[in-house]
Amino acid sequence: MKNVYQIYITMSIEDKIREIAAEKFEGFSYVFEDWNGAAEVVDRVDLPAIICILPVGGYLDMTRGKVKDSEDIILAFVDKVQRDANGSDNEEVYTKMKGVAARFLSEMNASHFFEPIGGKVRYTTILEQASAYITGVSVELTVKELQGGCV
């Protein structure tokens with residue numbers, strides 16, 4: 001007789017993030033890729049965009065017959081800027097995208113998909129990246145599921 005483990009996970013962390021983006025951020029494109037793929041894809045989508053970078057790692061918390069996923073992710077919030085934009089043009093876009101990032105993190109908390117995100121969340125400014133000339137901000141998070149699936 002084979003010993004087979006079945007893990008019942010209804011949605012991945014990425015599925016949950018995609019759902020928040022689709023339901024709460026009308027007018028934003030959504031991209032799920034590694035950094036190189038995202039730079040190519042963002043050239044072909046309408047901007048502004050929310051980019052979820054493939055997780056670099058994480059862990060599975062297996063307790064009392066349940067498994068909760070936790071991933072180290074990067075979320076980027078970008079919009080188009082003209083080539084060789086000046087400082088105030090870039091500042092206008094990345095400041096607007098900081099606001100979008102804060103709202104997105106708030107929506108992640110309101111979704112009850114994840115353990116609450118709080119305290120200081122570090123962001124990095126993105127200036128005129130990719131051939132689409134995008135500017136914005138990225139945040140690095142460890143996202144932990146609030147409810148796990150059965151093992």
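With Ser106 contributing its side chain and Ala102 its backbone, the two residues share no donor-acceptor pair below 3.5 Å. In terms of modelled atom types and a separation under 3.5 Å, the side chain of Ser29 and the main chain of Val45 share no donor-acceptor contact.
Cluster membership check: Ile134 shares its hydrophobic cluster with Trp35, using side-chain heavy-atom separations under 4.5 Å among Ile, Leu, Val, Met, Phe, Trp and Tyr. Under the 4.5 Å side-chain heavy-atom criterion for Ile, Leu, Val, Met, Phe, Trp and Tyr, Phe77 and Leu54 are members of the same hydrophobic cluster. One hydrophobic cluster, built from ILVMFWY side chains closer than 4.5 Å, cannot hold both Val139 and Val56; they sit in different ones. Cluster annotation: Tyr59 is not connected to Ile117 through the hydrophobic network of ILVMFWY side chains, with a link wherever side-chain heavy atoms come within less than 4.5 Å.
At a cut-off of 3.5 Å, with distance as the only test, a side-chain donor of Asp15 or Ser12 sits close to an acceptor on the other residue. Side chain to side chain, Asp72 and Thr142 meet the donor-acceptor criterion of an N or O pair below 3.5 Å.
Using a 4.5 Å cut-off on side-chain heavy atoms (C-beta onward), Leu105 and Leu141 make contact. Using a 4.5 Å heavy-atom cutoff, the side chains of Ser138 and Ile74 are in contact. Side-chain atoms of Thr135 and Asp79, non-hydrogen and from C-beta on, never get closer than 4.5 Å to each other. Looking only at side-chain heavy atoms (C-beta outward), Glu107 and Phe25 come within less than 4.5 Å of each other. Residues Ile17 and Leu75 form a side-chain contact, since some pair of their non-hydrogen atoms from C-beta on lies under 4.5 Å apart. Annotation: side chain of Tyr94 is not in contact with side chain of Ile126 (no heavy-atom distance under 4.5 Å). When side chains are defined from C-beta on, Ile51 does not count as touching Phe32, because their heavy atoms never get closer than 4.5 Å. In this structure the side chain of Phe113 never reaches within 4.5 angstrom of the side chain of Leu146, judged on heavy atoms.
With rounding to the nearest 0.5 angstrom, the CD1 atom of Ile50 is 11.5 Å from the CZ atom of Arg18. Atoms CZ and SG, from Phe104 and Cys52 in turn, are 8.0 Å apart once rounded to the nearest 0.5 Å. Rounded to the nearest 0.5 Å, atoms CG (Asp61) and NZ (Lys144) are 9.0 Å apart.
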Test salt bridge (Lys or Arg N to Asp or Glu O under 4.0 Å) on Lys96 and Glu92; report intermediate values, then the result.
CA-CA 6 Å; Lys96 180 176 83 173; Glu92 180 181 333; over 6 Å; no
Yes or no on side chain to side chain contact (heavy atoms under 4.5 Å, CB included) for Lys68 and Leu60, after CA distance, side-chain angles and deciding distance?
CA-CA 6 Å; Lys68 290 185 193 178; Leu60 297 174; over 6 Å; no
Go through it in stages, so that I can follow the logic: the residues are Lys16 and Glu145, the test is salt bridge (Lys or Arg N to Asp or Glu O under 4.0 Å), and I'd like the CA-CA distance, side-chain angles, deciding distance and then a yes or no.
CA-CA 10 Å; Lys16 294 170 185 176; Glu145 288 183 312; 2.8 Å; yes
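Within 6.0 Å of OH on Tyr123 lie no more than 12 heavy atoms contributed by other residues, nucleotides or ligands. Counting non-hydrogen atoms of other residues, nucleotides and ligands closer than 6.0 Å to NZ of Lys98 gives a total above 12.
Listed here is the closest heavy atom pair of Glu33 and Ala38: CB-N, 3.4 Å.
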